[in-house]
Amino acid sequence: MEYFKTIFLESAAGFINNLDAKTRKKIFYNIRLAEKSNDPKLFKKLTDDIWEFRVRFSNNQIRLLSFWDKRDNENTLVVTTNGFVKKTQKTPKTEINKAKKIRSEYLKY
């Protein structure tokens with residue numbers, strides 16, 4: 001059973017495409033797992049509107065920020081906005097603000 005489907009907006013896709021093949025493979029593996037398991041170790045709520053896919057691979061903490069789009073009553077969609085390699089304990093406010101801005105632009109349409 002799938003809890004949700006994931007799509008990638010341009011900035012998230014660009015971030016992923018700049019990573020090496022093994023890291024990309026791990027990211028997509030974890031996202032598929034999160035879609036089926038709803039595991040907070042893989043997909044966790046950060047703010048009211050912003051969630052993060054969490055990937056640990058070869059000493060890197062990779063985060064992909066996302067939000068839910070439930071406007072279509074049939075499909076639950078998670079929209080991935082941007083990604084970064086986490087270097088500190090806290091998620092940078094600039095990345096969260098970027099995700100919020102992308103979310104508000106996306107939901108206009």
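The structure presented is a predicted model; accordingly, all values stated were derived computationally and were not measured.
The aromatic rings of Phe28 and Phe8 sit perpendicular, their planes meeting at an angle over 60°, well past the 30° parallel limit.
The nearest pair of heavy atoms linking Ala12 to Asn82 is CB-N, 3.9 Å. Looking at every heavy atom in both residues, Lys45 comes nearest to Trp51 through N-CE3, 3.4 Å. Shortest non-hydrogen contact noted between Tyr3 and Lys36 is CE1-O, 3.0 Å. The two residues Leu42 and Ser37 come nearest to each other via the heavy atoms CD1-OG, 4.1 Å.
Listed by first then second residue, pairs satisfying salt bridge (Lys or Arg N to Asp or Glu O under 4.0 Å) with a partner in residues 80-91 number zero, not counting sequence neighbours. Residues in residues 78-97 take part in no ring-ring contact (aromatic ring centres under 6.0 Å, His included) pair, two or more places apart or across chains. Residue pairs meeting the side chain to side chain donor-acceptor pair (under 3.5 Å) criterion with at least one member in residues 7-20, sequence neighbours excluded, are Asp20-Thr23.
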(request) Please lay out, stage by stage, how Leu107 and Arg71 fare under the test side-chain contact (heavy atoms from CB on, under 4.5 Å). (result) CA-CA 9 Å; Leu107 291 175; Arg71 295 179 294 180; 3.7 Å; yes
(request) Any chance you could lay out the side-chain contact (heavy atoms from CB on, under 4.5 Å) test for Asn30 and Phe43, step after step, and finish with the verdict? (result) CA-CA 9 Å; Asn30 276 20; Phe43 190 56; over 6 Å; no
(request) Show your reasoning for whether side-chain contact (heavy atoms from CB on, under 4.5 Å) applies to Val79 and Leu9. (result) CA-CA 7 Å; Val79 181; Leu9 297 182; 3.5 Å; yes
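Shown here are the side chain to side chain donor-acceptor pair (under 3.5 Å) partners of Lys108, two or more places apart in sequence or in another chain: Glu105. Considering only residues two or more places apart in sequence or on other chains, Asn59 meets the side-chain contact (heavy atoms from CB on, under 4.5 Å) condition with none of them. For Thr80, the side chain to side chain donor-acceptor pair (under 3.5 Å) partners are Ser66, not counting sequence neighbours. With sequence neighbours excluded, the residues that form a side chain to side chain donor-acceptor pair (under 3.5 Å) with Tyr106 are Asp69. Qualifying salt bridge (Lys or Arg N to Asp or Glu O under 4.0 Å) partners for Lys41, counting only residues two or more places apart in sequence or in other chains: none. In this structure Lys70 satisfies the side-chain contact (heavy atoms from CB on, under 4.5 Å) test together with Trp68, Thr76, sequence neighbours excluded. Residues meeting the side chain to side chain donor-acceptor pair (under 3.5 Å) test with Asp48, sequence neighbours left out: none. Here Arg32 pairs with Glu35 under the salt bridge (Lys or Arg N to Asp or Glu O under 4.0 Å) rule; sequence neighbours left out. In terms of the salt bridge (Lys or Arg N to Asp or Glu O under 4.0 Å) criterion, residue partners of Asp49 (sequence neighbours excluded) are, by chain and number, Arg103.
No more than 12 heavy atoms of other residues, nucleotides or ligands sit less than 6.0 Å from atom OH of Tyr29.
Proximity of a side-chain donor or acceptor of Thr81 to a complementary backbone N or O of Leu65 within less than 3.5 Å is detected. Between the side chain of Arg24 and the backbone N or O of Leu19 there is at least one donor-acceptor pair closer than 3.5 Å.
Note: the hydrophobic cluster containing Val78 also contains Ile27 (ILVMFWY, side chain heavy atoms under 4.5 Å, direct or indirect links). Hydrophobic clustering of Ile, Leu, Val, Met, Phe, Trp and Tyr side chains at less than 4.5 Å, counting indirect connections, unites Ile31 with Val85. Note on Phe67: it clusters hydrophobically with Ile7, by side-chain heavy-atom contacts below 4.5 Å among ILVMFWY residues.
With respect to Glu52 and Arg63, a salt bridge is recorded, a charged nitrogen being found less than 4.0 Å from a carboxylate O.
Atom CD1 of Ile96 is separated from atom OG1 of Thr94 by 8.5 Å, given to the nearest 0.5 angstrom. With rounding to the nearest 0.5 angstrom, the NZ atom of Lys98 is 12.5 Å from the CD1 atom of Ile50.
Residues Leu64 and Ile16 have side chains in contact (heavy-atom distance under 4.5 Å, counting atoms from C-beta outward).
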